[in-house]
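Read through the structure below, which is laid out as structure tokens, and then see the notes.
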4 protein chains.
Amino acid sequence: MTNNEPKLTKKQIAIIETATELFAEKGYAGTSTNEIAHKASVSEGTIFKHFKSKKGLLMAIVSPMTMKLFAPMIKKDLDKVLDQEFEYFQDLVRAMIDNRKAFIQNNLPMLRILIQEIPFHPELKEQFIEYIGKDIFEKIGQIIKYYQDKGQLVEMDQKTIIRTIASSILSYIVARYVLLPEADWDSEEIETERIVQILENGLVPKN
Amino acid sequence: MTNNEPKLTKKQIAIIETATELFAEKGYAGTSTNEIAHKASVSEGTIFKHFKSKKGLLMAIVSPMTMKLFAPMIKKDLDKVLDQEFEYFQDLVRAMIDNRKAFIQNNLPMLRILIQEIPFHPELKEQFIEYIGKDIFEKIGQIIKYYQDKGQLVEMDQKTIIRTIASSILSYIVARYVLLPEADWDSEEIETERIVQILENGLVPKN
Amino acid sequence: MTNNEPKLTKKQIAIIETATELFAEKGYAGTSTNEIAHKASVSEGTIFKHFKSKKGLLMAIVSPMTMKLFAPMIKKDLDKVLDQEFEYFQDLVRAMIDNRKAFIQNNLPMLRILIQEIPFHPELKEQFIEYIGKDIFEKIGQIIKYYQDKGQLVEMDQKTIIRTIASSILSYIVARYVLLPEADWDSEEIETERIVQILENGLVPKN
Amino acid sequence: MTNNEPKLTKKQIAIIETATELFAEKGYAGTSTNEIAHKASVSEGTIFKHFKSKKGLLMAIVSPMTMKLFAPMIKKDLDKVLDQEFEYFQDLVRAMIDNRKAFIQNNLPMLRILIQEIPFHPELKEQFIEYIGKDIFEKIGQIIKYYQDKGQLVEMDQKTIIRTIASSILSYIVARYVLLPEADWDSEEIETERIVQILENGLVPKN
DNA sequence: AATGAATGAGGCTTCATTCAT
DNA sequence: TATGAATGAAGCCTCATTCAT
């Protein structure tokens with residue numbers, strides 16, 4: 001949908017992929033451009049030719065353009081979920097958890113970078129918010145309205161509902177896959193069901 | 001393993017305080033020992049005399065010994081909440097939110113360090129878990145049982161309940177005070193009430 | 001040694017002109033080939049195709065071949081002065097000042113390069129001397145003899161006289177236009193007249 | 001006369017001396033900090049510890065403080081000349097030429113640096129002017145007035161006279177020792193006498 | 001116990017130059 | 001002929017750490 005094609009060379013892609021991996025693993029400040037160059041089988045000079053500076057590389061990784069590389073995927077598979085018009089809100093939540101879980105597992109490195117580096121690079125925050133906001137928020141807003149109209153969702157303001165759902169899902173996923181990946185967790189189905197149940201009874205009005 | 005009272009000199013305290021601040025603000029890898037020395041009005045040599053290495057300084061900051069400095073305070077004010085035997089579970093939650101909020105605001109720097117650096121320093125994770133686990137978990141477990149017996153809490157397993165409560169409270173507080181401190185939030189009372197309400201209706205069994 | 005007309009392509013001219021400008025402004029060592037390429041709207045490869053190396057480009061700029069591009073102009077307008085047979089030596093000096101001033105102003109960049117880089121590139125010195133010497137010295141020698149015969153010039157040896165005149169004129173012009181272009185100078189006419197007068201009479205008053 | 005003692009360590013002095021030499025020989029941009037470190041038997045880190053940056057080192061070399069190291073010498077031996085109250089102005093000029101020649105030969109490197117780098121570092125110009133102006137100009141002004149009153153100097157304005165004398169002396173010395181040190185020059189005495197004579201009488205013979 | 005000069009390894013970045021297209 | 005991606009050597013600079021005082 002974006003007109004100006006990125007046209008990244010093979011080396012550029014190798015650099016971005018390697019850097020993404022390493023930044024995620026060791027942090028931005030803890031990764032040297034030399035290491036990136038080696039692992040990407042590229043000369044250090046090439047990195048700077050393309051990305052101007054180490055920070056430039058970081059920004060490229062999380063830049064809208066790069067995100068757009070993921071965006072189609074993100075949108076498409078989010079749409080798959082959102083467009084299904086589940087009979088019950090709970091089924092939507094269940095589907096979203098699976099969907100988000102898959103996405104996060106696939107994009108763990110970039111998300112790790114975002115989470116770790118946002119506090120140190122104010123520019124990142126803006127990109128993150130813009131990206132999340134623009135592409136995802138609206139759609140979700142519509143869905144929520146749909147279930148509110150159906151009487152399956154409390155009439156709280158949307159921001160709060162989104163935050164509640166998001167924080168329930170994200171805090172579980174982040175804890176499980178980012179912060180404490182080695183801890184012993186119950187099976188995914190059971191964890192999923194718990195979240196659903198809690199969200200259900202908390203957000204669905206009693207009559 | 002912790003020997004008797006740690007007797008820190010003024011310089012050592014100055015170093016720890018300065019380093020805590022700077023690590024929190026710019027990250028461990030992003031802070032230089034030189035900067036710490038300057039801001040603490042201490043020579044670089046002194047830092048290494050006392051803490052062996054930069055990592056040693058980090059470990060000292062988050063070490064049980066240092067944490068013990070905070071521990072009495074932590075425990076005491078957590079106990080203040082937990083020992084009150086509120087009539088209703090909701091009141092406990094409300095009190096805990098206020099309590100945690102105060103603690104986090106007071107100890108933001110160290111928490112920031114923990115959150116940021118845990119992924120890069122495996123040793124930290126152990127210290128963190130041991131510290132949090134040992135001192136707090138048990139107590140909370142008792143409390144939960146108390147309210148379960150009173151019929152005010154679902155009969156889920158404790159781990160899940162704790163995670164649910166903790167993630168509700170923490171994800172709100174972390175988001176509000178650590179990740180997005182500048183965003184426009186509703187007033188604290190309203191936010192608190194929402195969390196309480198959601199937790200309440202989600203966790204309290206319907207009859 | 002100079003073969004027939006040098007046929008420079010448009011790109012080559014663009015490169016030479018841009019490089020001349022930049023070398024003059026920032027020095028040879030302070031200018032990158034990349035910058036030259038950009039400002040000349042040419043790829044870096046092209047520069048090396050044509051000039052072999054960065055040094056080759058410098059040599060091309062100050063080479064006899066390039067200088068010959070200016071030589072006709074130089075000679076012509078110097079001849080204009082020298083062929084006029086002024087009644088008085090002072091008038092010749094006055095005319096030469098104006099003439100040199102114009103030339104220097106028009107060719108400031110290349111002169112700057114010569115002045116700045118001669119100490120670091122021995123080859124340059126030879127080119128410079130050969131070029132200046134061959135084309136100009138002889139002519140001036142004749143002129144001096146002419147005014148000596150007329151009794152308007154002391155009977156010192158020519159080398160000294162040339163050096164005296166040249167240094168008077170050049171040190172003024174270099175100081176005024178190269179070294180301290182922003183300083184506050186008197187009007188050009190007044191400065192010119194002072195040089196003429198001092199050359200004529202010296203500093204000791206005759207009574 | 002300056003109160004705050006510089007207190008340069010041995011290494012600092014070694015760095016400054018080596019850098020002065022190398023900058024003079026190969027230019028600022030043409031000299032690497034690595035080379036300076038090696039020749040000064042010092043680690044590269046030490047250079048930056050003391051001088052912050054390569055430019056900082058350049059500024060230190062030509063800074064007032066460093067110049068003050070030379071200033072006593074400069075002033076003292078200039079005073080030797082200026083305080084002698086020569087019977088004739090010509091004798092003063094003669095003495096000044098010898099004196100300046102000695103100074104320049106002794107400080108050739110620093111002067112070379114100044115001459116070469118001033119066009120590229122505007123800050124240098126200010127330091128140069130301030131330094132020359134403050135310490136030397138006034139004194140010379142007095143001397144000139146002395147000889148004007150004695151009727152041995154034309155009644156031109158002082159600035160012009162100073163410039164004339166300075167440019168005569170400097171252009172000879174710079175040409176002889178800086179720009180074209182290898183050329184074949186007449187003996188020093190003869191050259192000196194010529195300058196004196198020209199300054200005295202000019203180029204036009206009186207009959 | 002404290003200092004701060006000194007270090008050398010390594011970090012980020014620039015550069016002249018080459019080469020496949 | 002022209003391009004510009006790619007290179008690797010070298011440049012400037014920072015850093016954690018050591019050591020004589």
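Below, chain A is the first sequence line, B the second, and so on; all start at residue 1.
Atoms CD1 and NZ, on I15(C) and K39(C) in that order, are 15.5 Å from each other to the nearest 0.5 Å. The CD1 atom of I113(C) sits 11.5 Å away from atom CD1 of I118(C), with the distance rounded to the nearest 0.5 Å. Taken from CG in L58(C) to CG in L114(C), the straight-line distance is 8.5 Å, to the nearest 0.5 Å. If you take NZ on K11(D) and OG on S41(D), they are separated by 7.5 Å, rounding to the nearest 0.5 Å. To the nearest 0.5 angstrom, I61(A) atom CD1 is 10.0 Å from L124(A) atom CG.
In this entry the distance linking CG of L58(D) with P of dC13(F) reads 12 Å, nearest Å. Atom CD in Q12(A) sits about 12 Å away from atom C1' in dG4(F), given to the nearest Å. Note: CD1 (I13(C)) to P (dA2(F)) measures 12 Å, nearest angstrom. Nucleotide dG4(F) holds its P atom 16 Å from the CZ atom of F48(C), rounded to whole Å.
Residues K49(C) and K49(B) both approach DNA chain F. Their nearest nucleotides, taken by heavy-atom distance, put K49(C) toward the 5′ side. For N34(C) and S32(A), each mapped to the nucleotide of DNA chain E holding its nearest heavy atom, the one lying further toward the 5' end belongs to S32(A). Place K11(A) and T31(B) on DNA chain F by their nearest nucleotides, and K11(A) ends up nearer the 5' end.
With sequence neighbours left out, the side chain to side chain contact (heavy atoms under 4.5 Å, CB included) criterion links A37(A) to E44(A), I47(A). Among residues two or more places apart in sequence or in another chain, the ring-ring contact (aromatic ring centres under 6.0 Å, His included) test is passed with F23(C) by Y28(C). When the side-chain hydrogen bond (donor to acceptor under 3.5 Å, both in side chains) test is applied to S43(C), the partners found at least two apart in sequence or on another chain are T46(C). Residues passing the side-chain hydrogen bond (donor to acceptor under 3.5 Å, both in side chains) test with K26(A) are E35(A), sequence neighbours excluded. Under the rule for a side-chain hydrogen bond (donor to acceptor under 3.5 Å, both in side chains), the partners of E117(C) that lie at least two apart in sequence or sit in another chain are H121(C).
A distance-only check finds no donor-acceptor pair linking the side chain of T20(A) to the backbone of P109(A) [under 3.5 Å]. Judged purely by atom type and a 3.5 angstrom limit, T18(D) has no side-chain atom pairing as donor or acceptor with the backbone of I36(D).
Bounding nucleotides for the chain C contact on DNA chain E, 5' to 3', at a heavy-atom distance below 4.0 Å, are dC15(E) to dT18(E).
For residues 45-58 of chain C, every residue pair satisfying the salt bridge (Lys or Arg N to Asp or Glu O under 4.0 Å) rule, not counting sequence neighbours, is listed here: K55(C)-E123(C). Residue pairs satisfying the ring pair (Phe, Tyr, Trp, His ring centres under 6.0 Å) criterion with at least one member in residues 32-56 of chain C, sequence neighbours excluded, are absent.
A heavy atom lying under 4.0 Å from DNA chain F marks the following residues of residues 38-46 of chain D, by number: E44(D), G45(D). Only S53(C), K54(C), listed by number, bring a heavy atom of residues 50-57 of chain C to less than 4.0 angstrom from any atom of DNA chain E. For DNA chain E, no neighbouring residue in residues 18-30 of chain A is found when judged by any heavy atom under 4.0 Å.
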Dot-bracket encoding per residue of DNA chain F, Watson-Crick/G-U cut-off under 3.5 Å, | denoting interstrand: .||||||||||||||||||||
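E17(D) places a side-chain heavy atom less than 4.5 Å from the side chain of I13(D). The shortest side-chain heavy-atom distance between E25(B) and F120(A) does not fall under the 4.5 Å cut-off.
Heavy atoms of T33(A) sit under 4.0 angstrom from at least one base atom.
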